Protein chains: 2
Amino acid sequence: MILKSQVEWALHCCAILAGLPEGRYLSTKALAELHGLPKEYLSKALQSLSQASLVETTLGPSGGYRLARAPSEINFLEIVEAVEGKALSFTCTNIRANNPCRAEGYCDSKPCAVARVMWEADEAWRDTLRRVRLSDLVGTLSEEVPAELWRSTFEWVLKRAG
Amino acid sequence: MILKSQVEWALHCCAILAGLPEGRYLSTKALAELHGLPKEYLSKALQSLSQASLVETTLGPSGGYRLARAPSEINFLEIVEAVEGKALSFTCTNIRANNPCRAEGYCDSKPCAVARVMWEADEAWRDTLRRVRLSDLVGTLSEEVPAELWRSTFEWVLKRAG
DNA sequence: AAATTAAGGATATAAACTATCCGAAAATCG
DNA sequence: CGATTTTCGGATAGTTTATATCCTTAATTT
């Protein structure tokens, strides 16, 4: 049960987009170079963010991506689900229904007890991600990343933002 | 991020093994027929449980599997990890290290802030599974499964346990 | 001695993930 | 206007993982 690498990419890209000045866009090319990622494939992750309405896009030179909402209004779960999908990690195939002792046409009133536990764990995972906002990540980063690196990174990025 | 179907199979099999009388074993064949699962492939899941020391085995007719510990001493996480592995769901490839603005030889003091959030969520998932014991599942099942089905299932199973 | 069983290796198929390439449409800029 | 840049989506291909089956070996029971 491993998350796609695109999840990591999308989170880091959102962190950068969150630091962009108002009204500026950042292209796939710039984000790929900044993180050392394959441009064409990263593009798929960014398209997922776009489809989830987490980012807005514009075409042409100086075009690219920017956040569709304030970083405080975007949480980790939204970003993760945008690229990973919303499917639950546990799929119940209802194997209890194959019990040869069951009466023909018998119908369970509740979802399988095994599935309920697994789904509860899934929900705990989602809850944790839901509680962390993109602005929390930016706050942590600006504390932990050396100020000079933080500054030069955005200088580098803005030079590529047209 | 989807769990293997073997996780579901292992949990249901453990629930049945938890209801076996002291000293009895249940074969792969019986467990596969009870749940309508491919015997050879289910065998791999049971082997995983065996390698994790969650079950004990014996060979020959009337051989098979039994729990290695009391159901109250086995939790969901142990079973899930036995077949799914213990790898964390999020892998940090440290893409921040590719930032072209970073000084040569610069070394981060802390793990990546993105990874820390993802790992916290992972731990919340594991915590939930760790808190549910196999005996809890058996308790729920014996409440929810109709008594007659519950009884006849174990009768069926014991007939195949030699 | 014969039948049954777990264990593990080998193999085959299907699905998912990773990655690249291309064309279309839209926006910018000279 | 025309050239460039960009997102977007489709097509495709390679790699890895999951699913499934088969077969041999060794141990155990009857």
Side-chain angles (χ1 to χ4, degrees), chain A residues 1-10 13 17 23-33 35-66 68 82-85 87 89-91 93 95 159-162, chain B residues 1-10 13 17 23-33 35-66 68 82-85 87 89-91 93 95 159-162:
Chain A
M1 191 188 57
I2 306 287
L3 290 165
K4 303 179 191 175
S5 55
Q6 289 189 345
V7 169
E8 182 185 14
W9 303 356
C13 287
L17 293 181
R24 302 293 285 276
Y25 292 85
L26 202 51
S27 70
T28 305
K29 185 157 174 271
L31 287 166
E33 285 176 7
H35 295 115
L37 301 174
K39 173 173 157 304
E40 310 275 2
Y41 194 30
L42 172 63
S43 167
K44 302 297 184 186
L46 298 173
Q47 283 174 41
S48 297
L49 295 179
S50 178
Q51 283 171 355
S53 299
L54 293 175
V55 298
E56 295 172 342
T57 68
T58 189
L59 296 178
S62 85
Y65 297 87
R66 72 178 176 196
V83 315
E84 187 68 30
S89 61
F90 181 84
T91 304
T93 62
I95 62 177
K159 195 160 37 180
R160 266 146 251 256
Chain B
M1 191 188 58
I2 306 287
L3 291 164
K4 304 179 193 176
S5 54
Q6 289 189 345
V7 170
E8 181 185 15
W9 303 355
C13 287
L17 293 180
R24 304 291 286 276
Y25 293 85
L26 202 50
S27 70
T28 305
K29 185 157 175 274
L31 287 166
E33 286 176 7
H35 294 114
L37 302 174
K39 173 173 158 302
E40 311 275 2
Y41 194 30
L42 172 63
S43 167
K44 304 297 185 184
L46 298 173
Q47 283 174 42
S48 297
L49 294 178
S50 178
Q51 283 171 355
S53 299
L54 294 175
V55 297
E56 295 172 342
T57 68
T58 188
L59 296 178
S62 84
Y65 298 88
R66 70 178 179 197
V83 314
E84 187 68 30
S89 60
F90 182 84
T91 304
T93 63
I95 62 177
K159 196 161 40 181
R160 265 144 251 256

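This structure is a prediction, so every number in the text was calculated from the model and none was measured. The basis for the numbers below is simple: all heavy atoms, side chains too, and nothing from hydrogens, waters or symmetry mates. By convention in this document, chain letters (A, B, ...) are assigned in the order of the sequence lines, proteins followed by strands, and residues within each chain are numbered from 1.
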Is any side-chain nitrogen or oxygen of [X] closer than 4.0 Å to OP1 or OP2 of [N]?
X     : N      : value
A/Q47 : D/dG9  : yes
A/T58 : D/dT6  : no
B/Y41 : C/dA12 : no
B/T57 : C/dA7  : yes
A/Q51 : D/dG9  : yes
A/S62 : C/dT28 : no
A/Y25 : C/dT28 : no
A/S50 : D/dC8  : yes

Pair A/L17-A/L26, side-chain contact (heavy atoms from CB on, under 4.5 Å): steps then yes or no: CA-CA 7 Å; A/L17 293 181; A/L26 202 51; 3.8 Å; yes
[X] has an atom [atom1]; how far is it from atom [atom2] of [N], in whole Å?
X     : N      : atom1 : atom2 : result
B/L46 : C/dA7  : CG    : C1'   : 12 Å
B/K4  : D/dA20 : NZ    : P     : 13 Å
B/E40 : C/dA10 : CD    : P     : 17 Å
B/L31 : C/dT5  : CG    : P     : 12 Å
A/Y65 : C/dA27 : OH    : C1'   : 15 Å
B/L49 : C/dA7  : CG    : P     : 10 Å
A/L42 : C/dT18 : CG    : C1'   : 13 Å
A/K44 : D/dA13 : NZ    : C1'   : 14 Å

Verdict with reasoning, B/L42 to B/C13, per side-chain contact (heavy atoms from CB on, under 4.5 Å): CA-CA 10 Å; B/L42 172 63; B/C13 287; 4.0 Å; yes
Selection from C/dA19, C/dA26, C/dT5 that lies nearest to any side-chain heavy atom of B/L59: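 The answer is C/dT5.
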Trace of the side-chain contact (heavy atoms from CB on, under 4.5 Å) decision for A/I2 with B/T91: CA-CA 8 Å; A/I2 306 287; B/T91 304; 4.3 Å; yes
Identified side chain to side chain donor-acceptor pair (under 3.5 Å) counterpart of A/S43 within the set A/K39, A/Q47, A/E40: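 Answer after filtering A/K39, A/Q47, A/E40: A/Q47.
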DNA chain C: 5'-proximal contact among A/P38 and A/I2 (nearest heavy atom):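 Looking at the nearest nucleotide for each, A/I2 comes out on the 5' side.
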From CA spacing to verdict: side-chain contact (heavy atoms from CB on, under 4.5 Å), A/Y41, A/Q6: CA-CA 9 Å; A/Y41 194 30; A/Q6 289 189 345; 3.0 Å; yes
